[in-house]
Amino acid sequence: MDYFLNAPLIDLEKTLLCGQAFRWKKIDEGLYEGVAHNHYLKLSQAEDGAVLHNICEKDIPFWENYFDLQTDYKKVLEQLSQDSIMREAIINHGGIRLLRQEPFETLISFIISQNNNIKRISGIVERLCDEFGEDVVSDEGVYKAFPTAEVLASLEEPMLSPIRAGFRNRYIIDGARKVYYGDVKLYDLYNLSYDGAKAELLKITGVGNKVADCVLLFGFYKMESFPEDVWIKRVLSEFYPKGIPLCFKGYEGIAQQILFDYIRNNSERTEKYAKSNQ
DNA sequence: AAACAGGCCTAAA
DNA sequence: TTTAGGCCTGTT
């Protein structure tokens, strides 16, 4: 069945391709496909929503959660709009929704993301899945799931060389092993505070402040996480030298995504930072 | 060709 | 505790 996902304001192009997730592909105008949490999906942009093509009825709750339907984006944007710079950013970049991603996939993906660009990150993730992921069979064909911690924990560094992640290979293996052997109880982090969960993630070699914040935001939906990468640092120094406004409170992560896209794309005020690579 | 990419590790003060 | 240099690979 095709299912209309009621997601007010959603912009699939931005939501799926802005760099919060790395397994979605644009296959035609307004049409995308990808794999998330072992579920394949093809979907297309609609007015205030998306059409999920040929899905099982039992998967509806899964996708509603993945696309963060429990968050009222109209209300959130109204709150964020109390800030004038954000109000301007929202005009063209307010259609981004946070995706509620799988924690282990998020962890490894953002380990890979460091000192890297979205295009290459996507390529590395794709090769990682092709090499080590299990099959996900769909009506459209056979796709690959993101590899499990168990599989990645069993690898030695040279075995990862085909994915061309370079110096990140040892980080990937360290992360997988710490998760698989319970040194970091990844799936308990849902129940910890932001600070507590972050301290756990920082035990992993290759996970620093920024990667941890991304994992907390995209993998554990801790909305107060505000990952500060080089782009956001430009936003902060240019627009918010005294810190981010109070009206971001509770939704710092959504604000971050909007500002990230704002400074990288289509912003007259920020075109001096024209992105070189994507 | 040289710099840079949604950073982090390590060594050294 | 903070800071500089280096890092795989790929692109411009």
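Residue numbers begin at 1 in each chain, while the letters A, B, ... track the order of the sequences.
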Nucleotide [N], atom [atom2] - distance to [atom1] of [X] in whole Å:
X: A/F110; N: B/dC8; atom1: CZ; atom2: P; result: 12 Å
X: A/N117; N: C/dC8; atom1: CG; atom2: C1'; result: 13 Å
X: A/N116; N: C/dT9; atom1: CG; atom2: P; result: 12 Å
X: A/F167; N: C/dG10; atom1: CZ; atom2: C1'; result: 13 Å
X: A/K233; N: B/dA5; atom1: NZ; atom2: C1'; result: 14 Å
X: A/R120; N: C/dT12; atom1: CZ; atom2: C1'; result: 15 Å
X: A/F226; N: B/dG6; atom1: CZ; atom2: C1'; result: 13 Å

Next item on the list: Map A/V207 and A/P227 onto DNA chain B by nearest heavy atom, then report which one ends up closer to the 5' terminus.
Entry: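 Closest to the 5' end, via its nearest nucleotide, is A/P227.
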
Among [options], which nucleotide sits nearest the side chain of [X]?
X: A/W231; options: C/dG10, B/dG6, B/dG7; answer: B/dG6
X: A/T205; options: B/dC9, B/dG7, B/dG6; answer: B/dC9
X: A/Q114; options: B/dA5, B/dG6, B/dC8; answer: B/dC8
X: A/Q256; options: B/dG6, B/dC9, B/dG7; answer: B/dG6
X: A/N115; options: B/dG6, B/dA5, C/dT9; answer: B/dA5

Less than 4.0 angstrom between a side-chain N/O of [X] and OP1 or OP2 of [N], yes or no?
X: A/R264; N: B/dG6; answer: yes
X: A/R164; N: C/dG10; answer: yes
X: A/R170; N: B/dT10; answer: yes

Next item on the list: Establish, from distance only, whether the side-chain atoms of A/Q45 and A/Y32 form a donor-acceptor pair under 3.5 Å.
Entry: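 Judged by distance alone, the side chains do not pair up.
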
Next item on the list: Assign A/N209 to base, sugar-phosphate, or nothing according to its heavy-atom contacts below 4.0 angstrom with the strands shown.
Entry: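 Sugar-phosphate, backbone atoms only, no base.
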
Next item on the list: Determine the contact category for A/G208: base if any of its heavy atoms lies under 4.0 Å from a base atom, sugar-phosphate if only primed atoms, P, OP1 or OP2 are that close, otherwise nothing.
Entry: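 Sugar-phosphate contact only.
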
